[in-house]
Amino acid sequence: MERVVIVTGANSGIGLALCERLLTEDVQLRLCLACRNMQRAEAARAALLTSHADAHVDLLHLDVGSMKSVLDAAQEVKTRYRKVDFLYLNAGIMPNPQVNIGAFFKGLLSRNAIRMFSTAEGLLTQQDRLNADGLQEVFATNLFGHFLLIRELEPLLCQSSHTSRVVWTSSSNASHSAFSMEDIQHRNGTEPYSSSKYASDMLSVALNRQKNSQGLFSSVICPGLVMTNLTYGIVPSFFWTLIMPIMYLIRVFTNTFTISPYNGAEALFWLFLQKPESLDPRAKYHSLTSALGRNYVQPQQMDVDNETPEVLFAKLLELENFVKKNDHVGYI
Ligand SMILES: NC(=O)C1=CN([C@@H]2O[C@H](COP(=O)(O)OP(=O)(O)OC[C@H]3O[C@@H](n4cnc5c(N)ncnc54)[C@H](OP(=O)(O)O)[C@@H]3O)[C@@H](O)[C@H]2O)C=CC1
Ligand SMILES: CC(C)=CCC[C@@H](C)[C@H]1CC[C@H]2C3=C(CC[C@]12C)[C@@]1(C)CCC(=O)C[C@@H]1CC3
């Protein structure tokens with residue numbers, strides 16, 4: 001039977017590069033591009049069909065930042081497909097990013113310069129806002145919408161007859177210190193992106209604990225630093241072009257500068273080829289590119305303890321109940 005693969009945020013950047021790589025590997029796939037903007041989704045579909053004319057590429061309207069859209073999209077998936085083999089949770093935002101220039105130059109002269117380039121620790125802040133559901137937008141988009149999607153698709157993801165996989169596009173910028181269990185939406189801080197990515201790391205651990213026995217396996221990846229619309233929102237594209245020689249020089253010291261979406265999608269693609277039982281449920285799989293341009297994947301243990309993921313899972317369930325009960329508009 002053909003495999004069904006759904007990719008959120010598939011119309012650009014790392015998501016689109018992943019789709020291209022998946023179809024090159026297996027043109028028999030049923031690939032579903034889950035996007036919020038159908039015009040961009042159509043354009044992505046057309047681009048994929050140019051290089052893979054016989055491919056089965058479906059479109060699904062999904063705004064992961066809107067709870068109603070997630071519920072509607074999940075309903076649509078349940079009518080279209082009898083199972084989902086891979087669900088790539090890739091859509092993500094980093095709104096209004098600000099680079100702390102002082103911290104950048106201080107970091108540059110310190111022993112932690114390489115770490116700073118690979119994680120952006122202490123370098124970036126963002127301005128978040130409330131969405132129409134009354135949720136923090138970054139939390140809703142990067143984490144909660146995807147959580148709700150998994151929950152709604154459980155009948156298709158947790159089947160005794162076969163294994164299903166969910167894969168989170170996380171980040172090296174995920175930060176334990178940015179996350180607080182008392183403020184899971186990060187209402188009160190300036191690092192909602194780091195918080196949401198750390199929460200996705202924890203959620204993946206919790207999902208593995210609770211759902212492996214039902215055939216659902218969750219993995220986390222980091223794509224490295226990739227030139228996409230997201231990074232063009234931090235520094236304009238002409239500036240990235242200007243400093244490209246410096247970027248390739250930095251790659252000599254840290255292989256996390258994957259730079260192209262194709263390279264960044266390495267770990268997402270690699271996971272597609274692995275047996276779920278062979279994977280480490282507590283590892284983050286990093287896409288890396290060597291100075292000579294060789295792509296490879298390396299697992300790194302996540303900074304996650306044993307108890308906290310379960311607490312987060314329970315809080316997300318609570319929020320899910322609340323959102324559904326209150327017809328998910330403006331009550332939270
Ligand atoms: N670029 C990098 O260096 C890194 C990126 N990442 C992660 O990689 C993932 C992909 O980002 P990247 O390819 O870089 O950036 P892009 O901006 O190119 O891709 C993000 C995708 O997510 C979609 N998206 C955003 N919000 C929503 C929403 N509410 N509903 C549905 N889709 C949405 C975008 O759609 P639209 O076109 O409509 O905006 C777009 O297709 C993100 O999760 C990001 O956090 C992690 C580490 C590093
Ligand atoms: C000379 C040079 C490369 C300057 C760029 C400085 C910063 C703008 C970058 C240094 C590390 C980068 C980084 C990201 C964004 C751009 C930097 C802060 C991310 C936060 C992008 C999104 C992620 O998820 C992780 C990235 C880590 C590294």
Side-chain angles (χ1 to χ4, degrees), residues 1-64 69-70 72-92 145-146 149-150 152-153 155-157 159 161-169 216-219 221 223 226-230 258-276 285 287 295 297:
M1 207 199 276
E2 65 184 0
R3 285 190 287 183
V4 176
V5 179
I6 302 177
V7 181
T8 71
N11 60 274
S12 67
I14 298 160
L16 181 56
L18 169 69
C19 291
E20 184 66 49
R21 295 190 67 169
L22 291 175
L23 291 178
T24 304
E25 172 66 23
D26 179 3
V27 81
Q28 307 293 346
L29 284 183
R30 184 151 287 275
L31 183 60
C32 177
L33 316 183
C35 306
R36 62 177 165 180
N37 181 314
M38 294 320 277
Q39 232 174 329
R40 283 179 228 155
E42 278 290 1
R45 181 173 184 268
L48 291 169
L49 290 178
T50 306
S51 41
H52 307 278
D54 300 331
H56 309 287
V57 183
D58 299 337
L59 302 183
L60 174 74
H61 181 252
L62 169 65
D63 179 346
V64 268
S69 173
V70 173
D72 290 349
Q75 201 50 47
E76 177 64 25
V77 169
K78 283 189 266 190
T79 59
R80 278 193 207 172
Y81 312 115
R82 273 186 291 145
K83 60 168 184 138
V84 172
D85 294 280
F86 275 83
L87 175 57
Y88 282 99
L89 307 166
N90 169 75
H146 285 133
L149 185 63
I150 297 173
E152 292 295 311
L153 294 182
L156 276 66
L157 291 168
Q159 292 182 349
S161 51
H162 85 299
T163 55
S164 295
R165 315 268 300 273
V166 299
V167 182
W168 298 85
T169 306
L216 176 63
F217 291 80
S218 177
S219 309
I221 74 105
V226 187
M227 294 304 105
T228 63
N229 292 339
L230 185 142
T258 47
I259 301 176
S260 77
Y262 179 96
N263 296 346
E266 184 72 13
L268 292 169
F269 177 65
W270 180 85
L271 283 170
F272 182 71
L273 305 176
Q274 307 306 309
K275 290 215 164 15
Y285 291 89
S287 298
N295 287 330
V297 175

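If you read the sequence from its start, that first residue is 1, and numbering goes on from there.
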Just jot down the side chain to side chain donor-acceptor pair (under 3.5 Å) partners of [X], sequence neighbours excluded, or say none.
X: K78; value: none
X: S69; value: none
X: T8; value: H146
X: E76; value: R80

Subject >> Any residue meeting side chain to side chain contact (heavy atoms under 4.5 Å, CB included) with T169, in chain and number order, not counting sequence neighbours >> reply: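 Testing T169 for side chain to side chain contact (heavy atoms under 4.5 Å, CB included), a comparison that skips the adjacent residues, returns N90, I221, P223, L268.
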
Original post:
Of all residues at least two apart in sequence or in a different chain, which pass the side chain to side chain contact (heavy atoms under 4.5 Å, CB included) check with S218?
Top reply: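 Here the qualifying residues are V166, W168, S204, L207, N208.
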
Original post:
With sequence neighbours left out, which residue pairs that include part of residues 6-23 fulfil the salt bridge (Lys or Arg N to Asp or Glu O under 4.0 Å) condition?
Top reply: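 Of all non-adjacent pairs touching residues 6-23, those that pass salt bridge (Lys or Arg N to Asp or Glu O under 4.0 Å) are R21-E266.
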
**OP:** Taking all non-hydrogen atoms of both residues into account, name the closest pair between G264 and V226 and its distance.
**Re:**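 Looking at all heavy atoms of both residues, the closest pair is CA-CG2, 3.9 Å.
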
What pairs of donor and acceptor atoms, side-chain ones from residues 27-36 against any protein atom, are under 3.5 angstrom apart with sequence neighbours left out?
{"unit_1": "R30", "atom_1": "NE", "unit_2": "E2", "atom_2": "OE2", "d": "2.8"}
{"unit_1": "R30", "atom_1": "NH1", "unit_2": "D58", "atom_2": "OD1", "d": "3.0"}
{"unit_1": "R30", "atom_1": "NH1", "unit_2": "D58", "atom_2": "OD2", "d": "3.1"}

Original post:
With sequence neighbours excluded, what pairs up with D63 under the salt bridge (charged side-chain N to carboxylate O under 4.0 Å, His left out) test?
Top reply: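 By the salt bridge (charged side-chain N to carboxylate O under 4.0 Å, His left out) rule, D63 matches no residue at all.
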
**OP:** Only counting residues at least two apart or in another chain, list the ones meeting ring pair (Phe, Tyr, Trp, His ring centres under 6.0 Å) with F217.
**Re:**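 F217: no ring pair (Phe, Tyr, Trp, His ring centres under 6.0 Å) contacts found.
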
Original post:
Do side-chain atoms of D85 reach the backbone of V4 as a donor and acceptor pair under 3.5 angstrom?
Top reply: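 Yes: the side chain of D85 pairs with the backbone of V4.
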
